[in-house]
Amino acid sequence: MKLKTWVKWVIMLACIILISVVAWLTLDSLGITSIDGLRTLIASCGAWGWVVFILLQVLATTLLCFVPATSMTFIVVSIILFGAWQGFLISSIGVILSSMAMFLIGRFGGERIAIKMVGESALKKAQELIAIKSKIYLPLMFLFPFFPDDALCLVAGITKIRWWEFLLIVI
């Protein structure tokens, strides 16, 4: 491995560690590093608890798009906190909003931002997956757990799919 490539990997790893530490310290200062802490925060927000949870979900899944199963974690946590039906509704709203956020980041940020957020290899895979008949295959790809959903949302933003068509696909 060339020295330049090695330095890039070290810088990328340092950035990931820095983001993780800052995220942990932020969550720890808010007291939400456990289910009980999150439950307390949500309960203290009263009627706005749903909104706070949805905002946390959208923020985390958008910023941590390179971490697999981030959305799934929030879906499970929402069911634990709110029960099956309310958790389903809340997590569905969060997934739709975060998917639209990733789509808009792809639409306005372009391929350059997408590469920085999900990596070039994940972006290329996603581009290959939705290059042909994206409106038919994209909904199916969202259903399978091994596809990079966030990368797919970014790539959909780069393609010619209209935002309302993408919204219907996500729903």
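Values in this document were obtained by computation on a predicted structure and should not be read as measured data. Hydrogens, waters and symmetry mates play no part in the numbers below; they use all other heavy atoms, side chains included.
Residue pairs meeting the salt bridge (Lys or Arg N to Asp or Glu O under 4.0 Å) criterion with at least one member in residues 38-63, sequence neighbours excluded: Asp36-Arg39.
A side-chain donor-acceptor contact under 3.5 Å links Glu165 to the backbone of Arg162.
Other members of the hydrophobic cluster containing Leu18, listed by chain and number, are Val22; membership follows side-chain contacts under 4.5 Å among ILVMFWY residues, whether direct or relayed. Through direct or relayed side-chain contacts under 4.5 Å between Ile, Leu, Val, Met, Phe, Trp and Tyr, Phe88 connects to no other residue.
Pairing each heavy atom of Phe82 with each of Gly87, the nearest pair is CB-N, 3.8 Å.
When the side chains of ILVMFWY residues are joined at heavy-atom separations under 4.5 Å, either directly or via intervening members, Ile79 and Trp85 end up in two distinct hydrophobic clusters. By the criterion of side-chain heavy atoms lying less than 4.5 angstrom apart, applied directly or through intervening Ile, Leu, Val, Met, Phe, Trp or Tyr residues, Val21 is grouped together with Leu13 in one hydrophobic cluster. Placement of Trp48 and Ile93 in two distinct hydrophobic clusters is found when ILVMFWY residues are connected by side-chain heavy-atom separations under 4.5 Å, directly or transitively. If you chain together hydrophobic residues whose side chains sit under 4.5 Å apart, Leu167 and Ile158 fall into the same group.
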Side chains of residues 94-108: which donor-acceptor partners sit under 3.5 Å, not counting sequence neighbours?
| from | atom 1 | to | atom 2 | distance (Å) |
| --- | --- | --- | --- | --- |
| Ser98 | OG | Thr61 | OG1 | 3.4 |
| Ser98 | OG | Gly94 | O | 3.0 |
| Ser98 | OG | Val95 | O | 3.2 |
| Ser99 | OG | Val95 | O | 2.8 |
| Arg107 | NE | Gly157 | O | 2.8 |
| Arg107 | NH2 | Gly157 | O | 3.4 |
| Arg107 | NH2 | Thr159 | O | 3.0 |
| Arg107 | NH2 | Ile161 | O | 2.6 |

Which side-chain N or O atoms in residues 51-59 pair as donor and acceptor under 3.5 Å with protein atoms at least two apart or in another chain?
| from | atom 1 | to | atom 2 | distance (Å) |
| --- | --- | --- | --- | --- |
| Gln57 | NE2 | Ser91 | O | 3.4 |

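Under the salt bridge (charged side-chain N to carboxylate O under 4.0 Å, His left out) criterion, Glu111 pairs with Lys124, sequence neighbours left out.
Separating the CH2 atom in Trp50 from the CG atom in Leu81 is a distance of 12.5 Å, to the nearest 0.5 Å.
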